[in-house]
There are 2 protein chains.
Amino acid sequence: MGRTAGRSPEETRRALLAAAAEAIRVRGIHASLDEIARFAGVSKGGLIYHFASKDELITALVRTELAAFQAAIDAELDPADTAPGRLTRAYIRAVLSGTDDEARESLALITQLMTLPAVAEVARADAERIDAALAADGLPEDVLALVVAAADGISSAPLWGGSTNTPADRRVAERLLHLTRHPQWWESLPWPPSQAGS
Amino acid sequence: MGRTAGRSPEETRRALLAAAAEAIRVRGIHASLDEIARFAGVSKGGLIYHFASKDELITALVRTELAAFQAAIDAELDPADTAPGRLTRAYIRAVLSGTDDEARESLALITQLMTLPAVAEVARADAERIDAALAADGLPEDVLALVVAAADGISSAPLWGGSTNTPADRRVAERLLHLTRHPQWWESLPWPPSQAGS
DNA sequence: GTCTATAGATAGATAGAC
DNA sequence: GTCTATCTATCTATAGAC
């Protein structure tokens, strides 16, 4: 009964969101409100006071995660870098930053959340926004497509049970960064004009 | 009551597995047995006759999906191609084959199934097996890492709500295939020996 | 602001009829 | 070989005490 000693409503909300993220990572999207609430140190009734429904809790969690990813990109933007591809470089660094465990946890959470159609739609719109920004970053279309695909591929390895941030990954990432500085090099790849097969 | 007209046990099993795949794609890993059974045209009791528990159904479904992916790689192996990187080329083609919708559906199912720890472990072992085979495919390590990462990245786009098999994707894929034929080209990328930044 | 108690819905699984 | 009926467990959400 009574308030948990000296915790503001905002702190309680944050604790509930963190608990929801953790519970959903571990137990899946159907982690119960009871479980989440207990994890945050409040009762189920207490959770419902802050988030009127499970849907409202999930929606708030998604907004938090998408904002965190955008913040990670912003944090990697180098003010001294004004050359074409600066956003793409920040994207590569943001996608590949963090430890292997962090990447795995983040991906586990996202895949769980994407289960819900409403969440998938919000995420799609956000991805489209980022893609549009990258497309306006000044790199040739094909180089951008390769670099972003490779970065996404490295970061999605935990999906299939693999690791990120292996030495091989870091070598690839550095070459990708280098490639954004010298895009004409990729376009100089000798290309058989009209030939089937590879 | 009695049997559904002229369907063999094997056909019923296949129908149940297909129904489970569809239901889990659409409704998530917590799709009910009742729903899956109805989708396959049998009762929940009928399903339980063929698969003693939900766990047994899911396990069989995972084995089916992993076998289908391996079969897709095998189908893309070119008997006339005996050069180093032949398996990697088959992998690229297998990962990027199929329609955009098929890729999206397959990924949606896999991410749902990976929710379960037992499934994740089986998938991890399978991914490790494929990685080992690719590592023995005769390509330089760094080229293999780039090519596989890019292919995985393209195919994982639906995860974030994007599309696969866009014209840009196909152009990248063709250059990746070409790269496996001329790996020394990637390694010739001018490389600043010891320099921070990109 | 957080709690208890409980309603109402739905899940997986069993038993046994046909 | 497939079905109906039912048990038990667990979930979200509400009502209202403190």
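As a basis for the values below, the full set of heavy atoms in this structure was taken, side chains included, without hydrogen atoms, waters or symmetry mates. We name chains A, B, ... by the order of the sequence lines, and we start the count at 1 in each one.
Remark: P of dG12(C) and CZ of Phe51(B) are 15 Å apart, rounded to the nearest angstrom. What separates CG of Leu47(B) from P of dA11(C) is a distance of 14 Å, to the nearest Å. Arg38(A) has its CZ atom 10 Å from the P atom of dT4(C), to the nearest Å. Atoms CG (Leu16(B)) and C1' (dG1(D)) sit 12 Å apart, rounded to a whole Å.
Residue Arg25(B) comes nearest to Ala108(B) through the heavy atom pair CG-CB, 4.3 Å, listed as atom of the first residue, atom of the second, then distance.
The environment of CZ in Arg129(A) is crowded: more than 12 heavy-atom neighbours from other residues, nucleotides or ligands sit within 6.0 Å. Counting heavy-atom neighbours within 6.0 Å of Arg170(A) CZ, excluding the residue itself, gives a total above 12.
Under the side chain to side chain contact (heavy atoms under 4.5 Å, CB included) rule, Leu176(A) has a single partner from Thr88(A), Ile92(A), Leu96(A), Val148(A), which is Ile92(A).
Every pair passing salt bridge (Lys or Arg N to Asp or Glu O under 4.0 Å) that includes a residue from residues 36-65 of chain B is listed here, sequence neighbours excluded: Asp34(B)-Arg38(B).
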Using the 3.5 Å cut-off, write out each protein N or O paired with an N or O of nucleotides 11-15 of chain D and the distance between them.
unit_1  : atom_1 : unit_2   : atom_2 : d
dT12(D) : OP1    : Lys54(A) : NZ     : 2.9
dT12(D) : OP2    : Leu33(A) : N      : 2.9
dA13(D) : OP2    : Lys54(A) : N      : 3.1
dA13(D) : N6     : Lys44(A) : NZ     : 3.0

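The side chain of Tyr49(A) approaches dG1(C) more closely than any other nucleotide in the set dC3(C), dG1(C), dT2(D).
There is no side-chain donor-acceptor pair under 3.5 Å between Ser155(B) and Asp152(B).
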